[in-house]
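Notes to accompany the following structure.
The residues of the chain are indexed from 1 along the displayed sequence.
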Amino acid sequence: QVRMVESGGGLVQAGDSLRLSCAASGSTFSRYSVAWFRQAPGKEREIVAAIVRSGDSTYYADSVKGRYTISRDNAKNTVYLQMNSLKPDDTALYHCAARESSFYSVFVHGYIYWGPGTEVTVSS
C-alpha cells in the first residue's frame, strides 16, 4: 500500500506558474504509475497528466498540453507537476493517484491510491 500527499497549491494570477509535488510513502514507489487529476467545483474529476513508473512515458490532457509537465524522482518518492501559463479554468482541487502497474490509466477508476488534494486557484 502507498500513501500520497500533495503540496504546492495556492492562489496565483493568470499567467503565473506553480509546481505541485506528490510525496509517496509506505511502499516501493518505483512499482507505481502515477497520475494527476483535478476537480473543479460542480465538475467531474478529470485527468491532467500521467507518468509510467519508469518515467519513460507520459500523458497529457489536451487542455494542459504544452503548459504542464509531469516528472518523477523515484529516489525521492515524489512526482511533480510543473504548471505554467496558468488560466482561471485551471482552478481546481488537484489530486495525485497511483496504481501498481507499468502502465498509466486515464480513468479515475484505474487508480486505487489517492491523495487528499491541494487547491489551485487562478485569478484573472
Requested in this report: Over all heavy atoms of both residues, which pair between Met4 and Ala98 is shortest? Give the atoms and the distance, please.
Outcome: CE-CB, 3.6 Å

Requested in this report: Specify whether Tyr32 and Tyr113 have parallel, tilted or perpendicular ring planes, treating 30° as the upper limit for parallel and 60° as the lower limit for perpendicular.
Outcome: perpendicular

Requested in this report: Look up atom OG in Ser85 and atom OH in Tyr68, then write down how far apart they are to the nearest 0.5 Å.
Outcome: 10.0 Å

Query - Glu6 (side chain) donor-acceptor with Thr118 (main chain) under 3.5 angstrom - result: no

Query raised in the report: Within the distance-only criterion (no hydrogens, no angle test), does the side chain of Thr78 pair as donor or acceptor with the backbone N or O of Lys76 below 3.5 angstrom?
Result: yes

Query raised in the report: Ser17 and Val12: which non-hydrogen atoms are nearest, and at how many Å?
Result: O-CG1, 4.5 Å

Report task. Mind checking the OG1-CE spacing from Thr69 to Met83? Nearest 0.5 Å is all I need. Result -> 11.0 Å

Query raised in the report: Do Lys87 and Asp90 meet the salt-bridge criterion of a basic N to acidic O distance under 4.0 Å?
Result: no

Query raised in the report: Taking Arg72 for the side chain and Ser30 for the main chain, is one N or O donor matched with an acceptor at less than 3.5 Å?
Result: no

Report task. Looking only at non-hydrogen atoms, find the nearest pair between Thr58 and Ile51 and report the distance. Result -> CG2-CG1, 3.8 Å

Query raised in the report: Once you round to the nearest 0.5 Å, how far does CG of Leu20 lie from OH of Tyr80?
Result: 12.0 Å

Report summary line: Between the OG atom in Ser105 and the OH atom in Tyr111, the distance rounded to the nearest 0.5 Å is 5.0 Å

Query raised in the report: For the residue pair Gly9 and Val120, what are the closest heavy atoms and their distance?
Result: CA-CG2, 4.1 Å

Report summary line: Minimal heavy-atom distance between Val48 and Val64, with the atoms involved, is O-CG2, 3.5 Å

Query raised in the report: If you round to the nearest 0.5 Å, how far is CZ of Arg19 from CD of Gln82?
Result: 7.0 Å

Query raised in the report: Do Val79 and Ile112 share a hydrophobic cluster, counting only Ile, Leu, Val, Met, Phe, Trp and Tyr and linking them when any side-chain heavy atoms are less than 4.5 Å apart?
Result: yes

**Report entry** Intermediate values then yes/no, side chain to side chain contact (heavy atoms under 4.5 Å, CB included), Phe29 and Val34
**Finding:** CA-CA 10 Å; Phe29 185 58; Val34 177; 3.9 Å; yes

Requested in this report: Give the intermediate values and the outcome of ring pair (Phe, Tyr, Trp, His ring centres under 6.0 Å) for residues Phe37 and Trp114.
Outcome: CA-CA 10 Å; Phe37 287 79; Trp114 290 82; 5.0 Å; yes

Report task. Take atom NZ of Lys43 as the centre, draw a 6.0 Å sphere, and report whether it contains more than 12 heavy atoms from other residues, nucleotides or ligands. Result -> no

Query raised in the report: Hey, is the main chain of Arg53 close enough, under 3.5 Å, to the side chain of Asn74 for a donor-acceptor pair?
Result: yes

Query raised in the report: Is there a donor-acceptor pair closer than 3.5 Å between any side-chain N or O of Arg45 and the backbone N or O of Arg38?
Result: no

Query raised in the report: Does Trp36 reach the side chain of Cys22, with side-chain heavy atoms less than 4.5 Å apart?
Result: yes

Report summary line: Looking only at heavy atoms, the pair that brings Ser123 and Pro88 closest together is C-CG, 4.5 Å

Query - Cluster link Val52 to Val108, ILVMFWY, side chain under 4.5 Å - result: yes

Query raised in the report: Quick one: which of Tyr59, Tyr60, Tyr104 gives a side chain to side chain contact (heavy atoms under 4.5 Å, CB included) with Ile70?
Result: Tyr60

Report task. Starting from the C-alpha separation in whole Å, work towards a yes-or-no answer on side chain to side chain contact (heavy atoms under 4.5 Å, CB included) for Val122 and Asp16. Result -> CA-CA 8 Å; Val122 185; Asp16 285 350; over 6 Å; no

Query - Rounded distance [0.5 Å steps], CG in Leu93 versus CD in Gln39 - result: 7.5 Å

